[in-house]
Amino acid sequence: MELRLYDTLTKEKRPFTPLDPENVRMYVCGPTVYDFAHIGNARPVIVFDVLFRLLRHVYGAGHVTYVRNITDVDDKINLRAARDFPGLPLNEAIRKVTELTERQFHDDVDAIGSLRPTVEPRATEHIAEMRAIIEKLVAGGFAYVAEDHVLFSPQAMNAANKVLPRYGALGNRSLDEMIAGARVDVAPYKRDSTDFVLWKPAKPGEPSWPSPSGITTPGRPGWHIECSAMAWKHLGERFDIHGGGIDLVFPHHENELAQTCCAFRADRMANVWMHNGFLQVESEKMSKSTGNFITIRESLAEWPGEVLRLNMLKTHYRSPIDWTSKSLEESSKTLDDWYAVAADARGDRPADAVIEALSDDLNTAQTITALHGLRHAAASGGERERGEFAASLRLLGLLSMSAAEWKGRKQQASGIDAQQVDRLLADRTAARARKDFKESDRIRDELAAMGVAIKDGKDADGKPVTTWEIA
RNA sequence: GGCCACGUGGCGGAGUGGUUACGCAACGGUCUGCAAAACCGUGUACUCCGGUUCAAUUCCGGACGUGGCCUCCA
């Protein structure tokens with residue numbers, strides 16, 4: 001089955017051919033660790049986790065390297081550290097913030113069923129690589145030193161040669177446009193308004209490192225260089241897939257690509273650039289300033305992680321999602337049904353229809369359609385069908401627990417006393433046996449008021465059996 | 001202002017130059033003491049206006065709407 005992926009750079013869906021099938025390499029921009037991740041941050045985590053799982057399925061679990069960085073040097077972190085730990089030296093406070101946030105992030109992404117990446121490099125552990133790339137760029141004439149800053153020149157890049165990609169190609173804009181649209185307050189040390197910072201001097205008290213390119217004062221890296229450095233270190237000069245949110249296309253990925261391609265005189269950094277779309281919450285723009293945002297943590301208090309995961313996968317990754325409680329409700333019901341049908345089934349081979357849908361640029365909506373079909377086959381079929389359905393769900397990171405765990409979790413969250421329910425059901429069974437339907441219906445209403453839904457059935461011997469669940 | 005993406009039935013959401021998406025909800029049936037669940041079945045769609053075409057929801061142009069990005073700041 002041929003894997004096809006949409007590439008933001010060429011704006012086309014193409015067959016995916018790894019540079020090295022023995023080691024398929026993917027880099028995804030991870031969090032800047034200063035606060036709880038919000039539900040929008042969960043989207044790339046889930047989307048690229050599914051891609052990671054698919055690649056492992058296709059090329060073998062040991063033949064995929066997935067790198068997701070942790071950015072632990074940033075002004076937002078510094079601000080947060082100063083705010084939250086005013087009594088501590090800044091560097092210590094920063095460490096506290098980044099360690100705490102990283103732990104929160106890991107707890108959250110584990111809960112939404114994402115595999116840990118192969119490597120999770122930290123920016124602060126790759127300062128040497130950043131300096132090395134900066135030195136190469138200065139030596140190559142793509143960057144220059146000015147007032148203890150190092151600046152990258154897109155103009156120099158575009159003037160250089162025909163091997164390099166055009167600056168602006170990823171974000172689909174021309175340098176002329178950017179020059180025309182530049183803001184008036186351009187820093188005085190820049191030669192051109194489009195130049196961007198690779199390295200800047202540290203202010204007193206800020207984290208700092210020895211500077212590259214003969215600068216004598218200590219400094220710290222600009223925004224984009226850390227990803228060029230970490231991707232280089234862990235995946236090489238060129239690799240297969242680079243992913244992230246669509247907001248990163250420009251300037252972050254554009255600049256990363258420029259830095260890397262110029263440093264290594266290459267025409268590509270990643271062979272495929274993939275970007276996930278944005279989230280709205282209840283049809284409103286998600287924005288911190290208006291308070292209209294939900295953290296992963298808050299969502300997890302209300303829903304199992306798998307509900308968030310399935311809800312995210314209902315929409316194709318490049319389309320916008322309207323994140324609503326109604327939709328989550330629906331996802332939750334779907335999972336209840338799937339758990340009931342397949343949770344305890346064994347199977348290690350996902351259905352072809354599922355692999356096929358995922359292979360078409362991660363068409364998870366189509367995948368879910370296939371799952372509905374498999375669910376029907378599983379409900380009316382035997383162990384083979386149930387196994388195939390279960391394996392397909394597990395490939396997506398769903399169905400990670402047993403049916404009993406799934407049900408028990410919901411029951412626990414509702415705070416309903418199972419023993420009390422069983423007592424009431426025993427009374428009702430007795431009432432039904434003596435055809436006192438008034439009483440049995442009264443008990444059913446009582447249970448319904450508690451939030452318990454009951455189902456009457458018969459066992460193999462034809463004896464009436466009543467099961468129940470949280471409505 | 002520039003660039004880009006999106007606009008599908010009550011809701012969510014794929015896809016396609018001419019034929020059922022799928023799921024939820026709704027409705028009908030089977031089952032049931034009655035329900036629920038399950039199973040079977042049914043209906044309603046492609047923002048608007050032009051153009052291309054034998055034929056457009058699908059291609060092209062425009063309008064309107066929604067969202068994103070427009071650099072050293074998140």
Side-chain angles (χ1 to χ4, degrees), chain A residues 8 11 32 34-35 74-76 79 149-152 154 168 170-174 176-183 185-187 189-190 192-200 221-225 245-255 258 275 277-280 283-289 310-311 313-316 318-324 326-334 336-337 340-341 357 360 363-373 375-376 379-380 431-433 435-438 440-441 444-445 447-448 452-458 464 466-469 471:
Chain A
T8 307
K11 295 170 186 55
T32 299
Y34 70 103
D35 200 356
D74 183 275
D75 288 342
K76 281 169 301 206
L79 282 173
H149 293 69
V150 183
L151 293 128
F152 182 93
L170 185 70
N172 192 36
R173 55 198 84 197
S174 72
D176 290 346
E177 268 168 25
M178 285 181 256
I179 294 163
R183 297 179 180 174
D185 53 340
V186 176
Y189 45 81
K190 284 188 183 181
D192 288 299
S193 59
T194 50
D195 297 348
F196 63 89
V197 167
L198 298 172
W199 191 266
K200 54 191 166 187
W223 175 23
H224 318 291
I225 194 70
I246 195 165
D247 58 324
L248 296 178
V249 173
F250 194 92
H252 185 54
H253 287 166
E254 188 77 56
N255 291 354
H275 295 98
F278 258 51
L279 229 83
Q280 283 180 270
S283 303
E284 301 265 338
K285 187 195 290 200
M286 193 165 75
S287 128
K288 289 209 166 181
S289 56
L310 176 62
N311 200 247
L313 297 177
K314 285 203 293 201
T315 308
H316 184 88
R318 285 191 275 117
S319 300
I321 296 185
D322 192 7
W323 193 260
T324 64
K326 190 179 173 210
S327 175
L328 285 159
E329 200 81 55
E330 201 177 303
S331 301
S332 173
K333 270 165 66 176
T334 303
D336 284 346
D337 177 60
V341 172
D360 181 16
N363 191 338
T364 50
Q366 192 61 51
T367 304
I368 289 167
T369 295
L371 289 172
H372 285 301
R375 181 247 176 250
H376 275 278
S380 56
R432 290 179 72 210
K435 299 212 187 307
D436 183 355
F437 297 121
K438 205 178 156 194
S440 76
D441 288 352
R444 183 167 64 201
D445 291 344
L447 285 163
V452 174
I454 62 173
K455 297 181 205 174
D456 290 333
K458 289 191 170 94
T466 301
T467 58
W468 64 278
E469 58 185 42

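By convention in this document, chain letters (A, B, ...) are assigned in the order of the sequence lines, proteins followed by strands, and residues within each chain are numbered from 1. This structure is a prediction, so every number in the text was calculated from the model and none was measured.
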K.L.:
Is a donor-acceptor contact shorter than 3.5 angstrom present between the side chain of A:Thr369 and the base of B:A14?
P.N.:
no
K.L.:
Scan A:Tyr34 against the nucleic acid and name what it touches under 4.0 Å (heavy atoms): base, sugar-phosphate only, or nothing.
P.N.:
sugar-phosphate
K.L.:
For A:Asp75, which contact category applies under a 4.0 Å heavy-atom criterion: base, sugar-phosphate, or nothing?
P.N.:
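It contacts sugar-phosphate atoms only.
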K.L.:
If you pin A:Arg432 and A:Asp360 to their nearest nucleotides in RNA chain B, which one's is more 5'?
P.N.:
A:Asp360
K.L.:
Tell me what A:Asp195 touches on the nucleic acid: a base, only sugar-phosphate, or nothing, going by heavy atoms under 4.0 Å.
P.N.:
base
K.L.:
For atom C1', what is the distance between B:U47 and B:A26, given to the nearest Å?
P.N.:
25 Å
K.L.:
Nearest-Å distance, CG (A:Asp322) to P (B:A5)?
P.N.:
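After rounding, the reported distance stands at 21 Å.
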K.L.:
For B:C27 versus B:G33, give the span between their P atoms, rounded off to a whole number of Å.
P.N.:
23 Å
K.L.:
Return no unless some side-chain N or O of A:Arg444 is found under 4.0 Å from OP1 or OP2 of B:U32.
P.N.:
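No, A:Arg444 has no side-chain N/O under 4.0 Å of OP1/OP2 on B:U32.
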K.L.:
Considering every strand shown, what is the Watson-Crick or G-U wobble mate of B:A38 when both distances are under 3.5 Å?
P.N.:
B:U30
K.L.:
Could you please name the partner base of B:A5, counting Watson-Crick and G-U wobble pairs only when both distances are under 3.5 Å?
P.N.:
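Because both required distances fall under 3.5 Å, B:A5 counts as paired with B:U66.
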K.L.:
For A:Ser327 and B:G12, is the shortest distance between a side-chain N/O and OP1 or OP2 below 4.0 Å?
P.N.:
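Answer no for this pair, as no side-chain N or O of A:Ser327 is under 4.0 Å from OP1 or OP2.
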K.L.:
Between B:C4 atom P and A:Arg173 atom CZ, what is the distance in whole Å?
P.N.:
10 Å
K.L.:
Checking all strands, does A:Gln280 fall into the base, sugar-phosphate, or nothing category for heavy-atom contacts under 4.0 angstrom?
P.N.:
sugar-phosphate
K.L.:
So A:His149, base contact, sugar-phosphate only, or nothing? Heavy-atom distance under 4.0 Å.
P.N.:
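If one applies the 4.0 Å heavy-atom cut-off, A:His149 turns out to touch nothing in the nucleic acid.
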K.L.:
I want to check one thing: is the phosphate of B:G68, taken as OP1 and OP2, less than 4.0 Å away from some side-chain N or O of A:Lys285?
P.N.:
yes
K.L.:
Report which part of the nucleic acid A:Ala365 touches: base, sugar-phosphate, or nothing (heavy-atom distance under 4.0 Å, all strands).
P.N.:
sugar-phosphate
K.L.:
Roughly, in whole Å, what's the span from CG in A:Leu198 to P in B:U71?
P.N.:
17 Å
K.L.:
Quick check on B:A25: is either OP1 or OP2 less than 4.0 Å from any side-chain nitrogen or oxygen of A:Lys333?
P.N.:
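Looking at the OP1 and OP2 atoms of B:A25, one of them is under 4.0 Å from a side-chain N or O of A:Lys333.
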K.L.:
To the nearest angstrom, how far is A:Arg318 atom CZ from B:A5 atom C1'?
P.N.:
10 Å
K.L.:
Within the pair A:Asn255 and B:U71, is there a side-chain N or O less than 4.0 Å away from OP1 or OP2?
P.N.:
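Checking B:U71 against A:Asn255, no side-chain N or O comes under 4.0 Å of OP1 or OP2.
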K.L.:
Just the rounded figure in Å: distance from C1' of B:A37 to CG of A:Asp336.
P.N.:
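Distance, rounded to whole Å: 13 Å.
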K.L.:
List the steps and the verdict of salt bridge (Lys or Arg N to Asp or Glu O under 4.0 Å) for A:Asp441 and A:Arg444.
P.N.:
CA-CA 5 Å; A:Asp441 288 352; A:Arg444 183 167 64 201; 3.4 Å; yes
K.L.:
What contact category does A:Ser440 fall into here, base, sugar-phosphate, or nothing, at under 4.0 angstrom with non-hydrogen atoms?
P.N.:
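If one applies the 4.0 Å heavy-atom cut-off, A:Ser440 turns out to touch a base.
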K.L.:
Could you measure between the two C1' atoms, the one in B:G23 and the one in B:G15, and give it in whole Å?
P.N.:
15 Å
K.L.:
May I ask you to say what A:Asp456 touches in the nucleic acid, namely base, sugar-phosphate or nothing, with a heavy-atom cut-off under 4.0 Å?
P.N.:
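Touches a base.
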K.L.:
Under the criterion ring-ring contact (aromatic ring centres under 6.0 Å, His included), which of A:Trp199, A:Phe196, A:Phe250 is the partner of A:His224?
P.N.:
A:Phe196
K.L.:
Does A:Lys11 NZ have over 12 foreign heavy atoms under 6.0 Å away?
P.N.:
yes
K.L.:
Would you please confirm or rule out a distance under 4.0 Å between OP1 or OP2 of B:A14 and any side-chain N or O of A:Ser319?
P.N.:
yes
K.L.:
With sugar-phosphate meaning primed atoms plus P, OP1 and OP2, does A:Lys326 contact a base, only sugar-phosphate, or nothing at under 4.0 Å between heavy atoms?
P.N.:
sugar-phosphate
K.L.:
Pairing check on B:C59: which nucleotide meets the Watson-Crick or G-U wobble criteria with it, both distances under 3.5 Å?
P.N.:
B:G51
K.L.:
Send over the distance from A:Leu248 CG to B:C4 P, rounded to a whole Å.
P.N.:
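In whole Å, B:C4 P lies 20 Å from A:Leu248 CG.
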K.L.:
Roughly, in whole Å, what's the span from NZ in A:Lys455 to C1' in B:U32?
P.N.:
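Atom NZ in A:Lys455 sits about 15 Å away from atom C1' in B:U32.
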K.L.:
Using Watson-Crick or G-U wobble geometry with both distances under 3.5 Å, which nucleotide pairs with B:U71?
P.N.:
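Across any shown strand, B:U71 pairs with none.
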K.L.:
Heavy atoms, side chains only, cut-off 4.5 Å: are A:Asp336 and A:Glu469 in contact?
P.N.:
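They are not in contact (no side-chain heavy atoms under 4.5 Å apart), so the answer is no.
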K.L.:
Do you know which of A:Thr324, A:Thr334, A:Leu328 makes side chain to side chain contact (heavy atoms under 4.5 Å, CB included) with A:Asn311?
P.N.:
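Output: one option passes, namely A:Leu328.
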